[in-house]
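What follows is a single structure, written as structure tokens, with notes after it.
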Amino acid sequence: MLGKILNKIQRGIMETIQGNSSEQEVQSSPETNQTTQNTPTETSTTENTKSDTKPNTNPNANGKKAKGKTQPAKKKPPVSGNGWTNDTKKAFEINEKIQKDRLNPHNKLNLKDNPSVKITPLGGLGEIGGNMMVIETDKSAIIIDVGMSFPDDSMHGVDILIPDFTYLRQIRSKIVAICITHAHEDHIGAMPYFFKEIQVPIYGSPLPLEMIGSKFDEHKMKHHRSYFRAIQKRKPIKMGDFEVEWMHITHSIIDCSSLAITSAAGTIIHTGDFKIDHTPIDGYPTDFHRFAHYGEKGVLALLSDSTNSHGAGFTKTERTVGPTFDRIFAKAKGRVLMSTFSSNLHRVVQAMDRGIAQGRKICVIGRSMEKNIEVAMDMGYLKYNKADFIDAHEVNKYPDNQVLIVTTGSQGEPMSALFRMSINEHRHIKIKPGDMVVLSAKAIPGNEGSVSGVINQLLKAGAEVAYQNYTDIHVSGHASQEEQKLILRLCKPKFFLPIHGEYNHVVKHSQTGMDCGVLERNIHILTDGEQVEITPKFMKKVKTVKTGKSFIDNQRNRKISDDVVLDRQTMANEGMVMIVAQVSLSERKVTAPARVSSFGLVDVKSERYFAKEIEDMLDHHLVHVKEGILENNRALEDDLRKTVRKHCIRKYRKYPMIVPTIIAQ
């Protein structure tokens, strides 16, 4: 009995010892204490248990400090080295801040200083083509592209238009470089005319420089090739106050680039012409990494191509044209003639590859097409065996089903090779039944009538024409809305200036910019000649500089003065009147019958009556003219010109050109 009691007491003692040991371990464990402090249920239970007892002021009691009624200090949610937190609400707040910070360009720009940069477009806005822009600081200026555009029907005898260089003459001492984005005519076509006045280094990738060099050769300016500076993409180049990097981007021409232009004010991204083609013919897609690199560093302003801003979704890849060519070539039983823009070498490559695969010899016709393909092959951009090519005079030596003719004239230009073929005026090639003509280009706005005219001529000659009846016979080289959004999101600019296109194009692009988070007050619709100043804090219009167009006669490679073009317009629209008369100043009368000829004003039947009217008017004018005017032959002719013009306006509602010649006796 006594033994049982002793065993029971011993077990109780052991249980007591073990209980105290466990309590001490719990109290001394940091992880247990931390868990206890962050567990509301345990804290509440402890407080309820001690609510009726006095606070323990002994710091050593039970190994704890006395807390009394004081609430424990709140601690931040524990975050592990892997970036997670136990508090999901706190994690949401942190992530929301991270998202806002990465989209907020203000955080990445230097708002303490106030350096500025000025941007002045001299062409390319409110129009398609003629692209030219000046970016400058107080000490330095660079020019981006020097392009040409095409005249309208009212500009008689004018072949091309180039920007007015008046402002560039004013800042000539500041210009340190010309930066070329790509080799399209609307970006390099005016280079020879600019270089005849101002010579500065030209920076660009190899193909654009060689295309410019070819133009210099035509203008007998080969010595100016010494100004060429071939760039390396992804490698910034110092130019005065600027540092410029060329970033590869896809377009409808080989070797196209965007520019990252960095100055003390910040980085400006100029996209040039572009689209986002993930499967380009040459295998070199857009260099997104560099756009993202500058976007993370902070972009002050984005200048982006607006030409196709009304197009929803994505622009189709250039490769979609290939299967269409397959169907057309398989259908053709005779010769195939493919016409596209001479600079669209990716399109030309697809046609030539299919022609060679079918055993056809390639004949290239058209000066610009021949030049572009020759330069691209010499540079190594295109790799073909010269044995695959034949000259125009050799075409008739081969069966029709073994010939592919690649030519210019997709826009219906009157002097183009295709147009001359269609009207049987080409020296070697004439369109005939069995020919398949492929127009792989979209008509430029304003050229629809010319394109329709050449199609009519081709059909009359018996050819089959593949044009709008194939949906994928042509794809645009310009970005649609989703591609524009991609560039906006990659760059995350503070300021946005849509460029390249007519007014409705840039307005639409500005709306896309707002959809992508650019504040409306940070978007500006530029016009040619309008100069804006940009700093990290603001953007504002500074002034308007002189701009406009100069007229060029390509036959002589010379400018045509404005008054010559105006005279041509007057003669074409209003007609002309020529007056030759012998006059006795002393007697104030005509001594012999005056010769009056009109052109484009009255018909042949009315010519004699009109001449009699002018003769009577001349007699009356001589009688009543002032004495001072009568003594000055030129003043007399000017006064007669005004009198005859008033008569024509009043009676015929026309403003003809009046050419009087007075022979005084």
Side-chain angles (χ1 to χ4, degrees), residues 126-127 130 149-162 164 166 414 445-447 449-450 528-529 546-553 555-556 558-583 585 588-590 592-664:
E127 62 177 337
S149 55
F150 292 103
D152 57 39
D153 293 338
S154 67
M155 301 175 186
H156 306 283
V158 178
D159 296 313
I160 63 172
L161 306 175
I162 64 173
D164 189 322
T166 300
N447 287 355
S450 300
D528 285 345
K546 186 179 185 301
T547 187
K549 299 297 179 186
S550 297
F551 308 113
I552 301 297
D553 180 354
Q555 306 303 314
R556 299 186 302 161
R558 293 182 180 178
K559 291 184 181 180
I560 306 172
S561 22
D562 296 356
D563 56 348
V564 172
V565 177
L566 290 173
D567 287 346
R568 291 174 180 175
Q569 291 175 343
T570 301
M571 288 187 286
N573 299 326
E574 309 294 336
M576 182 174 67
V577 177
M578 296 183 65
I579 307 168
V580 180
Q582 294 181 0
V583 175
L585 298 181
R588 290 186 172 233
K589 68 177 184 178
V590 179
R595 296 181 58 186
V596 179
S597 302
S598 68
F599 304 90
L601 185 64
V602 297
D603 55 36
V604 177
K605 294 179 180 179
S606 305
E607 181 74 21
R608 183 175 297 179
Y609 175 76
F610 176 77
K612 184 65 170 61
E613 281 184 329
I614 300 303
E615 289 174 6
D616 293 344
M617 188 178 302
L618 178 58
D619 290 334
H620 184 271
H621 182 74
L622 290 172
V623 172
H624 296 86
V625 70
K626 294 180 180 179
E627 190 69 31
I629 294 177
L630 193 63
E631 295 173 357
N632 187 325
N633 203 60
R634 177 165 292 185
L636 181 60
E637 290 177 348
D638 289 341
D639 200 49
L640 178 61
R641 181 183 294 109
K642 294 176 184 178
T643 303
V644 175
R645 179 174 289 115
K646 288 178 182 178
H647 172 71
C648 292
I649 293 172
R650 182 173 61 254
K651 185 168 183 178
Y652 299 101
R653 298 293 187 268
K654 289 292 183 182
Y655 299 79
M657 177 179 291
I658 313 297
V659 186
T661 303
I662 302 297
I663 303 172

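The basis for the numbers below is simple: all heavy atoms, side chains too, and nothing from hydrogens, waters or symmetry mates. As the structure is a prediction and not an experimental result, all values here were calculated from the model. Index from 1, following the sequence.
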Notebook entry, point to check: So, for L622 and V625, which heavy atoms are closest and what is the spacing to 0.1 Å?
Noted result: O-CG1, 3.4 Å

Margin query: If I take atom NE2 from residue H647 and atom CD1 from residue I658, how far apart are they, to the nearest 0.5 angstrom?
Written below: 9.5 Å

Next item on the list: Output all residues satisfying ring-ring contact (aromatic ring centres under 6.0 Å, His included) with F610, sequence neighbours left out; order by chain, then residue number.
Entry: Y652

Checklist line | Backbone N/O of K605 and side chain of R608: donor-acceptor pair under 3.5 Å | finding: no

Check: Among D639, L636, L640, which residue meets the side-chain contact (heavy atoms from CB on, under 4.5 Å) test with P660?
Finding: L640

Check: Is the closest side-chain heavy-atom distance between V659 and M576 below 4.5 Å?
Finding: yes

Item checked: Student check: side-chain heavy atoms of D553 and V158 closer than 4.5 Å -> no

Next item on the list: Look only at the side chain of N633 and the backbone of I662, and say whether a donor-acceptor pair between them is shorter than 3.5 Å.
Entry: yes

Note to self: Checking H620 now: which residues fulfil ring-ring contact (aromatic ring centres under 6.0 Å, His included) with it, not counting sequence neighbours?
What the structure shows: H624

Next item on the list: Locate the shortest heavy-atom distance separating A594 from E615; write the atom from each residue and the value.
Entry: O-OE2, 3.2 Å

Check: What is the distance from atom CE of M657 to atom CZ of R641, rounded to the nearest 0.5 Å?
Finding: 9.5 Å

Checklist line | Side chain to side chain, V583 and L585, heavy atoms closer than 4.5 Å | finding: yes

Note to self: If you define the side chain from C-beta out and look only at heavy atoms, does anything of V644 sit under 4.5 Å from M617?
What the structure shows: yes

Next item on the list: Kindly compute the distance separating CG (L566) from CZ (F551), expressed to the nearest 0.5 Å.
Entry: 7.0 Å

Next item on the list: Report yes if some heavy atom in the side chain of T661 is under 4.5 Å from a heavy atom in the side chain of M578; otherwise report no.
Entry: no

Next item on the list: Given side-chain contact (heavy atoms from CB on, under 4.5 Å), test D567 with V565 step by step and report yes or no.
Entry: CA-CA 5 Å; D567 287 346; V565 177; over 6 Å; no

Check: Given D603 and S606, is the side chain to side chain donor-acceptor pair (under 3.5 Å) satisfied, shown in steps?
Finding: CA-CA 6 Å; D603 55 36; S606 305; 2.9 Å; yes

Item checked: Nearest heavy atoms of G157 and I560, plus distance in Å -> O-CD1, 3.6 Å

Check: If you round to the nearest 0.5 Å, how far is NZ of K549 from CG of D562?
Finding: 13.0 Å

Margin query: Can you tell me if K589 has over 12 outside heavy atoms packed within less than 6.0 Å of its NZ?
Written below: no

Note to self: Checking the side chain of Q569 only, and the main-chain atoms of S154 only, is there a donor and an acceptor separated by less than 3.5 Å?
What the structure shows: yes

Margin query: Please find the pair of heavy atoms, one from L601 and one from K654, that lie closest to each other, and give the distance.
Written below: CD1-CB, 3.7 Å

Next item on the list: Spell out, as yes or no, whether a donor-acceptor pair under 3.5 Å connects the side chain of E574 to the backbone of Y655.
Entry: yes

Notebook entry, point to check: How long is the gap from NZ on K559 to CD1 on I162, to the nearest 0.5 Å?
Noted result: 4.5 Å

Check: If every non-hydrogen atom of L161 is compared with every non-hydrogen atom of F150, which pair is closest and at what distance?
Finding: CD1-O, 3.7 Å

Check: Atom OG1 of T643 and atom CZ of R645: how far apart are they, to the nearest 0.5 Å?
Finding: 10.5 Å

Notebook entry, point to check: Is R595 reaching over with its side chain to a backbone N or O of V580, donor-acceptor style, under 3.5 angstrom?
Noted result: no

Next item on the list: Decide yes or no on side-chain contact (heavy atoms from CB on, under 4.5 Å) for I160 and I552, but give the supporting numbers first.
Entry: CA-CA 5 Å; I160 63 172; I552 301 297; 3.4 Å; yes

Next item on the list: Give the minimum heavy-atom separation between E607 and V602, together with the two atoms involved.
Entry: OE1-CG2, 3.7 Å

Check: Under the side-chain contact (heavy atoms from CB on, under 4.5 Å) test, which residues partner R634, sequence neighbours left out?
Finding: N632, D638

Next item on the list: Begin with the C-alpha distance, continue with both residues' side-chain angles, and end with the deciding distance and a verdict on salt bridge (Lys or Arg N to Asp or Glu O under 4.0 Å) for D164 and K546.
Entry: CA-CA 8 Å; D164 189 322; K546 186 179 185 301; 2.7 Å; yes

